Amino acid sequence: MVLSSSCLDVAMSERRKQYPFDEIEPKWQHYWETHASFRTPNPGDSDFDSTRPKFYVLDMYPYPSGQGLHVGHPEGYTATDIVARYKRKKGFNVLHPMGWDAFGLPAEQHAIKTGEHPRINTEKNVANFRRQLKRIGFCYDWAREINTTDPAYVKWTQWIFLQLYHSYFDAEAGKARPVKELQAKGWTRDQIDSVRLAYVDEIPVNWSPDLGTVLANEEVEEWRSKGHTVERRPLRQWMLRITAFAERLLDELEGLDWPEGIKLLQSNWIGRSEGAGVRFQVSGQEEVIDVFTTRPDTLYGATYMVLAPEHPLVDEITTPAQRDAVEDYRRGCASKSELERTELAKEKTGVDTGGFAVNPVNGEEIPVWIADYVLMSYGTGAIMAVPAHDARDHEFATEFGLPILEVVRQEESTVDSPRSTADDSEDRGCFTGEGVAINSPLFDGLPTPEAKAKITAWLEKKGLGEKTVNYKLRDWLFSRQRYWGEPFPILWEDGRHHAVDEGELPVVAPEMEDYKPTGSPEPLLSKAVEWVRYADTVRRETNTMPQWAGSCWYYLRFCDPGNDARLAGEEAERYWMTGESPGTDAAGAAGRGANNPGGVDLYIGGTEHAVLHLLYARFWHKVLYDLGHVSTPEPFQKLVNQGLILGEDGQKMSKSRGNVVNPDDVIEDYGADSLRLFEMFMGPLEQVKPWSTKGVEGVYRFLARTWRVFMHSDQEGNWGLSDKIRDCEATKGQLTVLHRAIKKVTGDIESLSFNTAISEMMKCVNEFTQAEQLPARELATFLHLLNPFAPHISEELFSQLGARFPNYASGLLAHQPWPDHDESYLVEDEIQLVIQVNGKVRDRILVSAEATEEDLKALALESEKVKQFADGKTVRKVIVVPGKLINIVVG
RNA sequence: GCCGACGUGGCGGAACUGGUAGACGCAACGGACUUAAAAUCCGUUGGAGGGCAACCUCCGUGCGGGUUCGACUCCCGCCGUCGGUACCA
């Protein structure tokens, strides 16, 4: 028989609560709020303590969806909360803020349906999220709450955009600089426009008429599957020149304390590859085809060329005889999305243009084709095809009967290496590895690396090419046609763009009659005719920014969220990002080692943001750094990804599977402390792990047992401090288990191993549970350990204990210093030692801690068990690992 | 295909830098309390075999090899699960 979940709910709520979490949790939340217990002063505030080091611990702030929190949110949030509370008790100034990434399509979709301003729905959702988070007892400094849709916030998002707009990348200095410097040098307006970090370009985008917006490549499939149409068409778009920073974004990853996997993901995304640019003269024409290749050493094997169908030279090169075929093919490609083009890539397709180009290395004429396996968006949009040494070219050449010329021979040593030779010829039919050049008169016999260098130098000398570094990273398509996003602070006049005056920021979108898409690629804001018309001849830009914009810098705003004069006050920004503050340089700098580039000390969030958000934020941060607006080159010093929480069935949580767990329900039944504790007890933070209601009950029982160690209920069911608690000496066993816990919990919080920290606290409580009388002082110490994990119950017990034992428990537990362990309680005078014979455990003996190695050897050899197993054999070796074991090798 | 993570009892997971595998919790079983149940408290619990018994023996960290006195841990080769990515020249 299966009970429905609603039956279980009823059973649970009727069950008597094992401890009054439903009373104490709201009580302490109210206390913290009314006393502003977790308000964090900034440098300059009267209560700012400059002698303390700083710690900035940040969560990836949520998009406040209509569904409310799911149990995945509190996982990372609890982890950071524990660290924040711990660091505070350790004497740090802790910055631990929360806010809302509140622009976004769902709110706009709601507005389209209801005609209601998206702000109304957004605010409702924010209120719900805030309520839910407060109910979990997080120690955020709510005075620093921010909302990306708040005009006061939008103002600075737009201000940063203008910094990008007013800057260019100085390749020599490797830095962003104001375009003013170029004006001073006499550059023309057009020249300047062509180098701005924020620029306008006409590029093919994924346009969805019914959504009324362009979509990022990675969004296309999702919306298509929901029945929306998406087509490709060229549109005028705002772009951000992130590619200029590719090298720095890649190189400076190195100094960051991020998971290696994430660094690798970013570095692959940036996709640096070294090679050569080579120029091929088009036969009988002026035009030159530029290609990029990582294998210039295979130039002699280039038997044809391929241009992307959109390549600008296609028209010039195509011969009259081939024109119709080429046009047909190009039309076919244009109607396909990038995704379709790659998805349907089972067979290579393409058309001969009829034109030829000259291979610069040997003067041979080779045919020029177009094919959609060459992408306009990578490299130069054209390739030299070397079918003998590139799998794709090989496939294409085989398909269309183009010549294949071998120019690299696999070296003997690699041929001999163990691998199956049979399938090699079958699946690839070409050799793509490194070897020795053949059929290449200029450098026959040279190994690949040398051949590359030689041909590149030759090309450079002849002016036919040069060493080139290419990046996969593309410029960032930054404009959307939505309503619910930051408008661009840009005006248009006579076909030219201008920045809105800084004094006019923020540019706020107008109220609309309705929020329905225009049905054309015209942005929604173009319907607000009055607003668009800035002056007689001046119109406003009607695109809006993507959701990423706000999240690119929110961590900076938290340093000083109320500042109206700057994105964040200089002093506050420097203090929270570097630890330096006026008058406390020594103390502040101590928190930051010489190699520490500064930034947020701990940033926790999901892997889904491994690339885009983290890359975009790093990009903006570097621009702001170059322009002198922030003090560190990187925003996030240490990054940790929490693992996904699966449903109880081990499947991804989803509405359709019906396995979604709502934190509100968990709190209702077991309390916020149990929710927090279980989220941390499930397993390692970074790991994927399934939810378990039984597991929540387990930690709930632990908290109830903790409660009963301190509290005793009378006949009427009223709780009072237990009579067992005295001002007495703790037993040896209690001291050992407690100090072991102090040591373990301290180390485990530092290494974010919360699950094992909780185990250790459980052992502690198990020890206390059995005691006849309990030492008040040690119980108070235990509450310090529990406090970051279960702040409500620990605070309540601390205040109960303090009422009778004020010497051991006074003030707010959350503000009392973290305990230190005393190593002397952990030292045992007798150690249990394992005796192995040939690596197998045969006996265990108790020895004094002072026994020498010789003593131990003798003791081990005397053991009855050893004699039994070593009988008749020679002792060859005795290995003694002090404090651990003795291994006797016989044979 | 490529890249990354992972694989330990019935389950979630522990195990420091190579040194007693299975901490802690869940589930299960037995006992105490109770008229009874729930809750609580105490105990047992990797598998197989043996002993009246305290206990003893063998096997055991996905599979196959290797290094080592000793391997969950290091190396080589497979298999499987999950996540990311996709013609990047």
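Note that the structure is predicted; figures quoted are calculated from it, not measured. Letters go in sequence order (proteins before strands), and every chain restarts at 1.
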Would you indicate what [X] reaches in the nucleic acid, counting non-hydrogen atoms under 4.0 angstrom: base, sugar-phosphate, or nothing?
X: A:S273; answer: sugar-phosphate
X: A:T294; answer: sugar-phosphate
X: A:R272; answer: nothing
X: A:G261; answer: nothing
X: A:L885; answer: base
X: A:V688; answer: sugar-phosphate
X: A:N766; answer: sugar-phosphate
X: A:V834; answer: base

Calculate the interatomic distance between [X] atom [atom1] and [N] atom [atom2]; express it in whole Å.
X: A:L833; N: B:rG19; atom1: CG; atom2: P; result: 15 Å
X: A:K840; N: B:rU68; atom1: NZ; atom2: P; result: 19 Å
X: A:W707; N: B:rA39; atom1: CH2; atom2: P; result: 21 Å
X: A:L615; N: B:rU85; atom1: CG; atom2: P; result: 14 Å
X: A:I289; N: B:rA89; atom1: CD1; atom2: P; result: 19 Å
X: A:D649; N: B:rC82; atom1: CG; atom2: P; result: 14 Å

Minimum-distance nucleotide to [X] side chain [options: [options]]:
X: A:P690; options: B:rU57, B:rC69, B:rG12; answer: B:rG12
X: A:R705; options: B:rG25, B:rU57, B:rC69; answer: B:rG25
X: A:F681; options: B:rC69, B:rU20, B:rG25; answer: B:rG25
X: A:L264; options: B:rC24, B:rC88, B:rC3; answer: B:rC3
X: A:K884; options: B:rC87, B:rG19, B:rC26; answer: B:rG19
X: A:V889; options: B:rC69, B:rC3, B:rC88; answer: B:rC69
X: A:R844; options: B:rC87, B:rU57, B:rU20; answer: B:rU20
X: A:V841; options: B:rC87, B:rC69, B:rA21; answer: B:rA21
X: A:T293; options: B:rC87, B:rA23, B:rA89; answer: B:rA89

Pairing partner (Watson-Crick or G-U wobble, both distances under 3.5 angstrom) of [N]:
N: B:rU20; result: none
N: B:rC82; result: B:rG4
N: B:rA14; result: none

Requested in this report: Given salt bridge (charged side-chain N to carboxylate O under 4.0 Å, His left out), test A:K452 with A:E274 step by step and report yes or no.
Outcome: CA-CA 11 Å; A:K452 280 183 184 174; A:E274 245 173 70; over 6 Å; no
State whether [X] and [Y] are salt-bridged, where the test is any N-O pair (Lys NZ or Arg NE/NH1/NH2 against Asp/Glu carboxylate O) under 4.0 Å.
X: A:E760; Y: A:K763; answer: yes
X: A:R279; Y: A:E466; answer: yes
X: A:K348; Y: A:E399; answer: no

Answer yes or no: does a side-chain N or O of [X] lie under 4.0 Å from OP1 or OP2 of [N]?
X: A:Q18; N: B:rU40; value: yes
X: A:K877; N: B:rC69; value: yes
X: A:R708; N: B:rC41; value: yes
X: A:K763; N: B:rC24; value: no
X: A:N755; N: B:rA14; value: yes
X: A:R701; N: B:rC24; value: no
X: A:Q687; N: B:rA5; value: no
X: A:Q770; N: B:rC42; value: yes

Query raised in the report: Can the ring centres of A:F21 and A:Y670 be said to be less than 6.0 Å apart?
Result: no
Query raised in the report: With ring centroids as reference points, do A:Y304 and A:F400 lie under 6.0 angstrom apart?
Result: no
Requested in this report: Could you measure between the two P atoms, the one in B:rC79 and the one in B:rU67, and give it in whole Å?
Outcome: 24 Å
**Report entry** C1' gap between B:rC56 and B:rC6, integer Å
**Finding:** 38 Å
Query raised in the report: Do A:Y19 and A:T706 get their side chains close enough for a donor-acceptor pair, meaning under 3.5 Å?
Result: no
Query raised in the report: Do the side-chain N and O atoms of A:D748 and A:T756 include a donor-acceptor pair separated by under 3.5 angstrom?
Result: yes
Query - Glycosidic class, syn or anti, of B:rG12 using a 90° window around 0 - result: anti
Query raised in the report: Is any side-chain N or O of A:K348 under 3.5 Å from a base N or O of B:rC87, one able to act as donor and the other as acceptor?
Result: yes
Query - Most 5' of A:G381 and A:G695 on RNA chain B, judged by nearest nucleotide - result: A:G695
Query raised in the report: Which sits closer to the 5' end of RNA chain B, A:K694 or A:I888, going by the nucleotide each is nearest to?
Result: A:K694
